[in-house]
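Remarks on the structure that follows.
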There are 2 protein chains.
Amino acid sequence: MTAPVPDPAPAPAAAPVRVLLADDEHLIRGALAALLGLEDDLVVVAEAATGPEALAMARAHRPDVAVLDLQMPGADGVTVATVLRDELPGCRTMIVTGHGRPGHLKRALSAGVRGFVPKTVSAQRLAEIIRTVHAGNRYVDPELASDAIAAGDSPLTAREAEVLELSADGAPVTEIARRASLSPGTVRNYLSSAAAKLGAENRHTAVRLAQAKGWV
Amino acid sequence: MTAPVPDPAPAPAAAPVRVLLADDEHLIRGALAALLGLEDDLVVVAEAATGPEALAMARAHRPDVAVLDLQMPGADGVTVATVLRDELPGCRTMIVTGHGRPGHLKRALSAGVRGFVPKTVSAQRLAEIIRTVHAGNRYVDPELASDAIAAGDSPLTAREAEVLELSADGAPVTEIARRASLSPGTVRNYLSSAAAKLGAENRHTAVRLAQAKGWV
DNA sequence: CGCCGTTTCTGACAAATGTCATGGCGTCAG
DNA sequence: CTGACGCCATGACATTTGTCAGAAACGGCG
């Protein structure tokens, strides 16, 4: 007469998934750690509040899955993921972000990130996605994916993007030219062609558009 | 032989604090609700993901304290707080924000908000602050407060701020003039004086500075 | 009332920026 | 090799923007 209730201790035969949590917002990190800890097949082995700290923690604890916030002090989530891919190939990485721009997803995927989700998902859903990623599969939020597809690839050449980025803080052309070691006329040409490609009237709106698409 | 453990039901003599939670990031909201629910003198009676939803929930459940995210779809936290002050005077409001700008704090305080904290605090700390606010006291994060004091008041006149805000998206002067029903020359003068007051070289850097201080 | 100062507005001029045509240079595919 | 393409630069020109001197409207104030 064996009870139908499952044995509480070794119910999942496999070892639990070891998770690293990196987010600069203590409120979220702590709350998330608590909620994920409720899942009996997940265990949070380390937390970090900055990019460098996340790297140090990953090296020390060698987690199975690293859950990284996109925007952190020191180094952003994608940068951390890039380093982790080289240093800890066995560690899967995934990005959690508040407001993801299309370009970020592309950057993340080319950095070997296997999961990309917005913070609007529930903790339950996040736990499922962590399992998916740990199993070696990929998951990207459908809405973010469709945004990325709609945005397409950047039409800008490397120099155009570089110059556009330098003009992001509103510096005058001569200043941009100095910083890029280019002739002022060249800078104006690049900015002009970049604005034309983006359908913007001037470089400032061009910068905004490019930033919105995540191309800078 | 009474057991020393406290009676689970009516341990706190006072009624629990009824809390409304409004944040567009489901992950945070759910996790927060779970953590605050662990405190036996706090109870989360409603959750909302947008500004209008927060208002509707507040009207329906009449919470003691409303914890509002600063950036939400529909209406931001300060706007919601302004409406709540008129409609539900008994409801204390507080703002939780990811990256708060100095000007936001000033706006929030003049909207009757009694608590202003960044998301870098722990859930434990947040619970304490909710109690503080419920008791009728105020609490603002020391770092945010010092930032606000350092930033000071806006040196811009009403028109200067208005025109600067219209130029925020990089629109040309003629477009701004049309939207503000002003002469293009007048717009240029306002932008020029605003840039001078802010120590900026042109209106675009001026916009960035003003946004960083929360003056627009 | 006249005087003063502030805000709001305008026009004229100078500087910065956007646009276009043009050309040299290097690289890569066919 | 040739042609296509991206990169860097120059000069001329139109447009936009920044700067300045000052005028009209308005509200105190003696």
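Small disclaimer: the values here were computed from a predicted structure and weren't measured. A, B, ... follow the sequence lines: proteins, then strands. Residue 1 opens every chain.
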Separation of atom CD in A:Glu160 from atom P in C:dT19, rounded to whole Å: 13 Å
Step-by-step salt bridge (charged side-chain N to carboxylate O under 4.0 Å, His left out) determination, A:Glu175 to A:Arg179: CA-CA 6 Å; A:Glu175 171 71 13; A:Arg179 280 200 261 172; 3.3 Å; yes
Residue closer to the 5' end of DNA chain C, A:Ala171 versus B:Leu182 (nearest nucleotide): B:Leu182
Donor-acceptor under 3.5 Å (B:Asn202 side chain, B:Thr205 main chain): yes
Residue-phosphate contact under 4.0 Å: A:Tyr190 side-chain N/O, D:dC8 OP1/OP2: yes
Neighbour count >12 (heavy atoms, 6.0 Å) for atom CD, B:Glu128: yes
Any B:Arg159 side-chain nitrogen or oxygen under 4.0 Å from OP1 or OP2 of C:dT7: no
Distance in angstrom units between A:Asn202 CG and D:dT16 P, rounded: 11 Å
Selection from C:dC13, C:dT8, C:dT17 that lies nearest to any side-chain heavy atom of B:Arg188: C:dC13
Phosphate OP1/OP2 of D:dC20: any B:Ser192 side-chain N/O under 4.0 Å: no
Whole-Å gap separating P (D:dT17) and CD (B:Glu201): 17 Å
Atom-to-atom span, CD of A:Glu175 to P of C:dA16 - whole angstrom: 13 Å
Distance test, side-chain N/O of B:Arg203 to OP1/OP2 of D:dT17, below 4.0 Å: yes
Selection from C:dT19, C:dT8, C:dT10 that lies nearest to any side-chain heavy atom of B:Thr186: C:dT10
Selected nucleotide, minimal atom distance to A:Leu191 side chain, candidates D:dG18, C:dT17, C:dG18: C:dG18
Carboxylate-amine/guanidinium proximity below 4.0 Å for A:Asp69 and A:Lys119: yes
Minimum-distance nucleotide (side-chain atoms of B:Asn189 versus D:dG6, D:dA9, D:dT19): D:dT19
